[in-house]
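Encoded as structure tokens, the structure appears first; notes follow it.
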Amino acid sequence: MRIGELARRTGVSERALRYYEEQGLLTPQRRPSGYRVYGDADVAAVRRIRILLGAGLNTAQILEILPCIVDEDGWLTPDCPELVDALRQQRDRIDDAIGELETTRANLDTIIGSEKAAASRGTRPPS
DNA sequence: CTTCTAACA
DNA sequence: TGTTAGGA
């Protein structure tokens, strides 16, 4: 199949599919015309890529752990320690991000709830 | 009509 | 990533 069909069958834009190839995630054959030719296996490959991207991994990280994945009933099964490791690290990063967001939210609450802010917001006398 | 590369009001 | 120009 050509890029258009793969795009339709995966719901991923042609732009993204070409990008994945550029990142080494997909290596479709080429017709003499230059057109990319994908196999049925690429449909599953794209799904795996989407899942990993959804887990917050970048294409470089996915490229490294892609061969560690075993396709099993539409889901992913970590097949080697590298993948489990990458996923754990990603989990830790999420924890850090959550922590920073909580700090930012606390800062906003301080500003919003401060006496001065409340005064200038609602108790301004007519001039 | 579909795909390709390259580039960005 | 989207979009688009210009070509095959």
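Just so it is clear: chains get the letters A, B, ... in the order the sequence lines come, proteins before strands, and each one is counted from 1.
Taking atom CZ on A/R8 and atom C1' on B/dC1, their separation rounds to 13 Å, with Å as the unit. Rounded to an integer number of Å, the gap from CD1 of A/I3 to P of B/dT3 is 7 Å. Atoms CZ (A/R50) and C1' (C/dT1) sit 11 Å apart, rounded to a whole Å. Here the C1' atom of nucleotide C/dT1 and the CD1 atom of A/I49 are 16 Å apart, to the nearest Å. For A/E5 and B/dC1, the CD to P distance is 19 Å, given to the nearest whole Å. Rounded to an integer number of Å, the gap from CZ of A/R18 to C1' of C/dT4 is 12 Å. Regarding A/Y19, its OH atom lies at a distance of 16 Å from the P atom of B/dT5, rounded to whole Å. Distance, A/L17 CG to B/dT2 P: 16 Å, rounded to whole Å.
Ion pairing between A/R9 and A/E5 holds under the 4.0 Å rule for side-chain N and carboxylate O. A salt bridge does not link A/D92 to A/R88: none of the charged nitrogens lies less than 4.0 Å from a carboxylate oxygen.
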Give me the distances for all protein-to-nucleotides 7-9 of chain B N/O pairs that come in under 3.5 Å?
none

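Looking only at side-chain heavy atoms (C-beta outward), A/R36 and A/R30 come within less than 4.5 Å of each other. Residues A/L25 and A/V46 fail the side-chain proximity criterion, which asks for heavy atoms closer than 4.5 Å. Between A/I49 and A/L26 there is a side-chain heavy-atom pair separated by less than 4.5 Å. In this structure, the side chains of A/Y20 and A/I62 stay at 4.5 Å or more apart for every pair of heavy atoms. Side-chain contact between A/L57 and A/Q90 is present, with heavy atoms from C-beta onward closer than 4.5 Å.
Atom CD of A/E14 sits about 5.0 Å away from atom CD1 of A/I3, to the nearest 0.5 Å.
A donor-acceptor contact shorter than 3.5 Å links the side chain of A/N58 to the backbone of A/Q61.
Using a 4.0 Å heavy-atom criterion, one finds that A/Y20 contacts the sugar-phosphate atoms exclusively.
Interface residues of residues 23-35 of chain A facing DNA chain B, ordered by number: A/R30, A/G34, A/Y35; criterion, heavy-atom separation under 4.0 Å.
For A/R2, counting side-chain heavy atoms from C-beta on, the closest listed nucleotide (B/dT3, B/dT5, C/dT1) is B/dT3.
B/dA9 is unpaired under the Watson-Crick or G-U wobble criterion, no partner having all donor-acceptor distances under 3.5 Å. Base pairing analysis places B/dT2 opposite C/dA8; the two distances defining the Watson-Crick or G-U wobble pair are each below 3.5 Å.
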